[in-house]
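Being a predicted model, the structure only gives us computed values, none of them experimental. Lettering of chains follows the sequences in order, A, B, ..., and the numbering in each one begins at 1.
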Amino acid sequence: MSELYIRVAEDESEEPMEIPSEDDGTILLSSVAAQFPGACGLRYRNPESQCMRGVRLVEGVLHAPENDWGNLVYVVNYPKDNKRKMEEIDAASAVKVKRGFQKTSDLIVLGLPWKTSEQDLKDYFTTFGEVIMVQVKRDLKTGNSKGFGFVRFTEYETQTKVIAQRHMIDGRWCDCKLPNSKASPDEPMRSRKIFVGRCTEDMTTDELRQYFMQYGEVTDVFIPKPFRAFAFVTFADDQVAQALCGEDLIIKGISVHISNAEPKHNNIHQLFPNFPGGSASLAAMFDRSQYQFPSSHV
DNA sequence: GTTGAGCGTT
């Protein structure tokens, strides 16, 4: 690989900026995003066809076309073909999210037959409108259904229609309701860090970063180990973080819940049930640290 | 291997 830097611009007419490559000749998307916050990929004009071509992106790594970046100027892609600058994206998404304009929610489906699968659910609810998420809650050991699940529709009208009636699913009457978990609008802290609940173990920090980049510049992603089904994502802008609080977002087909990173009840015993020296010393330590634990994630 | 109101491994 001959070039250490490749030229990247926000637009073909703009002045390019040089972005460093990795030792293996790839470019990290995060390197691009460091200069172009919100970037989700690169494209370039193919000299032969004169068409724009996308650069291969695999798990946050951009690969040179034909194994050679050449002397081309690469153009930054933004999510949803959105060519606006990041400030506008931040403002727009923050406003849209806050306004809550007929946004759909996850619906809980109560009374499911034990045998009903997610495919069954999807098949059934698709008759009302486009479905973007279904889940059947199961016992993790046995895999048996707990008899309830969740569904999310694309259209708000579909959701309204579905809530309004009872549903005969695989021979049982079921109800769809707004879940209790989102009955009360959430807490008002203004942090740049959000709590991402209901994560699954296969969600990587990279994937979370990729996902949340669409809302604004992400400065940190933290997944506690061992796996505890939640993560923390920190944005550069607290407005973006706050706008997302209370949302249910769908990542890899799973509905995750966003809330403020500062817990309502700081139950440290939940985090460290067997802390040596007892809870008092731990509480004192926690207070002193002002939540600087883990240290790099305030 | 059961069951039938509920609320999603913080």
Side-chain angles (χ1 to χ4, degrees), chain A residues 103-118 120-122 125 131-153 159 162-163 166-187 189 191 193-203 205 208 212 220-234 241 244-275 282-283 286 291 293-294 297-298:
Chain A
K103 215 164 33 56
T104 62
S105 323
D106 295 356
L107 302 180
I108 188 165
V109 189
L110 270 353
L112 289 176
W114 312 118
K115 53 169 276 209
T116 299
S117 69
E118 297 191 338
D120 295 334
L121 268 194
K122 181 156 192 183
F125 282 116
V131 170
I132 50 180
M133 190 271 319
V134 286
Q135 274 183 295
V136 171
K137 287 300 167 191
R138 299 177 181 280
D139 184 293
L140 269 59
K141 292 179 85 142
T142 67
N144 291 337
S145 167
K146 291 180 170 169
F148 71 97
F150 292 87
V151 61
R152 176 99 155 259
F153 296 97
Q159 165 171 325
V162 164
I163 293 177
R166 301 250 284 161
H167 301 272
M168 178 58 74
I169 302 176
D170 290 339
R172 268 183 66 92
W173 284 109
C174 302
D175 290 304
C176 294
K177 304 176 180 174
L178 288 168
N180 291 336
S181 52
K182 63 155 46 227
S184 67
D186 278 15
E187 59 262 65
M189 271 289 310
S191 165
K193 185 164 69 174
I194 58 173
F195 179 95
V196 185
R198 304 200 301 260
C199 289
T200 53
E201 200 158 12
D202 65 321
M203 293 177 187
T205 53
L208 292 182
F212 282 102
D220 188 61
V221 176
F222 179 70
I223 302 178
K225 303 284 166 36
F227 176 64
R228 284 200 277 152
F230 62 90
F232 294 105
V233 174
T234 309
L244 290 174
C245 284
E247 294 291 305
D248 289 305
L249 304 175
I250 294 170
I251 304 178
K252 300 178 82 172
I254 299 296
S255 171
V256 300
H257 183 74
I258 309 302
S259 56
N260 208 287
E262 313 295 336
K264 272 179 271 192
H265 314 290
N266 319 313
N267 196 344
I268 55 191
H269 314 293
Q270 229 170 305
L271 301 175
F272 310 100
N274 304 317
F275 190 79
L282 177 56
F286 228 76
Y291 301 100
F293 181 89
H297 302 278
V298 266

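Closest to the side chain of A:Lys146, out of B:dG6, B:dG8, B:dC7, is B:dG6. The side chain of A:His257 approaches B:dT10 more closely than any other nucleotide in the set B:dG4, B:dC7, B:dT10.
Evaluation of A:Trp114 against the base of B:dG4 yields a stacking contact (centre distance < 5.5 Å, interplanar angle < 30°). A:Phe150 qualifies as a stacking partner of the B:dG8 base, centre to centre under 5.5 Å and near-parallel within 30°.
Between A:Leu140 and A:Gly147, it is A:Gly147 whose nearest contact on DNA chain B lies nearer the 5' terminus.
With hydrogens and angles ignored, a donor-acceptor pair under 3.5 angstrom links the side chain of A:Asp106 to the base of B:dG8.
A:Pro226 comes within 4.0 angstrom of nothing in the nucleic acid, heavy atoms only. Within 4.0 Å of A:Ile254, counting heavy atoms only, lies no atom of the nucleic acid at all.
By the 4.5 Å heavy-atom criterion applied to side chains, A:Asp248 and A:Arg198 are counted as neighbours.
Ring planes of A:Phe195 and A:Phe230: parallel class, angle under 30° (limits at 30 and 60°). Between A:Phe125 and A:Phe153, the angle of the ring planes goes over 60°, which puts this pair in the perpendicular group of the 30/60° scheme.
Between A:Lys193 and A:Asp220 no salt bridge is recorded (no basic side-chain N to carboxylate O distance below 4.0 Å).
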